[in-house]
Undergrad: 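Let me begin by handing over the structure; questions about it come next.
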Amino acid sequence: MGTATLKKGKEKILQSKHPWIFSGAIDKIDDVKQNGETVIIKSFDGAELALGAVSVHSQIAVRVWSFNSDEKIDKIFFENRIKTAIALREKIIDQNSTNVYRLINSENDLLPGLIVDVYNKYLVCQFLSAGAVFWKKEIVGILSELLKPKCIFERSDSESLVKEKLEKNVGVLLGEEPPKLIEVKENNLKFFVNIKSGHKTGFYIDQRDNRKLLREFVKDKSVLNCFCYTGGFSLYAKSAEASHLTNIDSSSEALTLIAKNFELNNYSIDNVENIEGDVFKLLRKFRDENRKFDVIILDPPKFAESVSQVTKAARGYKDINLLAMKLLNRGGFLFTFSCSGHISQELFRKIVDDAAIDSGRIVKIIRQLTQSSDHPVLSSFPEGLYLKGFICEIY
Ligand code: SAH
């Protein structure tokens with residue numbers, strides 16, 4: 001087995017159980033033949049500390065598989081990790097009402113670089129690190145044995161692969177070719193999902209718990225869903241008897257799917273307005289028209305893809321939050337989110353606070369929100385928490 005020897009003092013990274021070792025912490029890597037293979041991680045003086053996967057082309061040179069250097073990294077190792085992840089979902093997901101959820105959440109399920117999402121009888125996987133790619137065949141075999149899916153579909157098309165210098169791959173890994181749209185249910189609401197080319201692995205699964213919460217706030221209310229995608233929040237609002245719904249997205253494909261999702265649930269589209277356009281512009285238009293809403297959802301895409309984009313992203317978040325606060329009726333509610341990993345919880349809170357001051361409204365934060373529980377955050381891996389949100393009451 002190859003070896004990664006750390007620089008003096010860098011063994012602290014492993015003591016803190018953070019699963020990433022950056023190339024700057026490594027003195028030398030020996031006897032590695034293939035990208036992604038397992039290496040033993042040693043301290044500068046030769047003590048064996050942990051086992052990890054080497055990423056030859058990445059700044060994250062090693063991702064830890066196990067903090068126990070006596071463990072064997074083999075098919076059984078992956079089977080055990082995957083079984084542990086499945087057991088957690090069996091506890092937290094009511095499979096009678098929900099058949100779309102995240103089964104394996106990468107580092108946070110101690111499987112760096114591996115994402116597996118369940119879409120009814122289909123599994124969608126992302127292999128995002130050299131180590132995950134190295135063990136792909138075994139992982140697919142285990143998932144197939146344990147879950148017997150109709151199909152295991154690969155969606156390794158995330159931009160993070162470019163940094164890792166790994167190939168993008170999209171296609172069937174096992175089983176039958178999936179149809180263009182798959183039907184799933186989330187809290188008994190039905191959705192069509194395009195797992196082949198929809199965003200992420202097809203659906204924003206991470207918002208499930210927050211969408212459910214929305215139901216408590218919308219009965220007989222007018223709701224504006226900004227960045228609505230295929231209507232996740234909109235269907236929940238409709239199910240909880242919102243009186244009027246306005247959906248905005250820049251993607252016509254997403255809006256077409258909203259209409260299909262309403263039909264799928266036998267919901268009428270009376271009092272539902274779908275607008276294709278730019279949220280930044282439309283919020284200004286609504287302000288100029290003096291339009292008001294009772295509930296507004298702001299769930300934009302990631303504005304900060306890197307640290308260098310944080311300042312610009314913060315301006316964007318503040319802009320839409322400020323505008324939304326102005327558009328809300330007294331006693332209205334704002335559901336506001338940021339999924340940018342580079343925007344911390346504290347910074348997002350500050351952005352919302354600043355928007356509140358500039359809006360001239362009184363804003364009460366009544367709840368802090370985060371990603372759904374099937375997207376756990378490993379305590380030693382703060383990067384795992386990326387979705388932040390607030391419910392604010394506006395006066
Ligand atoms: N809330 C959604 C997920 C939102 S994803 C859910 O629960 O499923 C972000 C969405 O914002 C995408 O659908 C994307 O098409 C859209 N989008 C990105 N920039 C936009 C803009 N400037 N104006 C309107 N929509 C935008």
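Whatever order the structure lists them in is the order used to number ligands and atoms, beginning at 1.
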Undergrad: Do K17's NZ or CZ and the ring of F67 fall within the cation-pi criteria of under 6.0 Å and 45°?
TA: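 Here K17 passes the 6.0 Å and 45° test against F67.
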Undergrad: According to side chain to side chain donor-acceptor pair (under 3.5 Å), who are the partners of R349, at least two apart in sequence or on a separate chain?
TA: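 R349 satisfies side chain to side chain donor-acceptor pair (under 3.5 Å) with D353 once adjacent residues are dropped.
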Undergrad: Return a table of N or O atom pairs, ligand 1 on one side and protein on the other, at distances under 3.5 Å, rounded to 0.1 Å.
TA:
unit_1   : atom_1 : unit_2 : atom_2 : d
ligand 1 : 1 (N)  : F227   : O      : 3.3
ligand 1 : 1 (N)  : D299   : OD2    : 2.6
ligand 1 : 7 (O)  : R211   : NH1    : 2.7
ligand 1 : 13 (O) : D249   : OD1    : 3.3
ligand 1 : 13 (O) : D249   : OD2    : 2.7
ligand 1 : 15 (O) : D249   : OD1    : 2.6
ligand 1 : 17 (N) : S250   : OG     : 3.4
ligand 1 : 22 (N) : D278   : OD1    : 2.9
ligand 1 : 23 (N) : G277   : O      : 3.4
ligand 1 : 23 (N) : V279   : N      : 2.9
ligand 1 : 25 (N) : S250   : N      : 3.0
ligand 1 : 25 (N) : S250   : OG     : 3.3

Undergrad: Give every donor-acceptor pair under 3.5 Å between a side-chain atom in residues 47-58 and any protein atom, sequence neighbours left out.
TA:
unit_1 : atom_1 : unit_2 : atom_2 : d
S55    : OG     : R63    : NH1    : 3.4
S58    : OG     : I60    : N      : 2.9
S58    : OG     : I60    : O      : 3.2
S58    : OG     : E164   : OE1    : 3.1
S58    : OG     : E164   : OE2    : 3.1

Undergrad: To the nearest 0.5 Å, what is the distance between NZ on K238 and CG on N271?
TA: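 Result: 6.5 Å between the selected atoms.
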Undergrad: Can I get a per-line list of side-chain donor-acceptor pairs under 3.5 Å for residues 139-153, giving both atom names and the distance, sequence neighbours left out?
TA:
unit_1 : atom_1 : unit_2 : atom_2 : d
E145   : OE2    : K75    : NZ     : 3.2
K148   : NZ     : E145   : O      : 2.6

Undergrad: Distance under 6.0 Å and angle within 45° of the ring axis: does R291 meet both against F286?
TA: yes
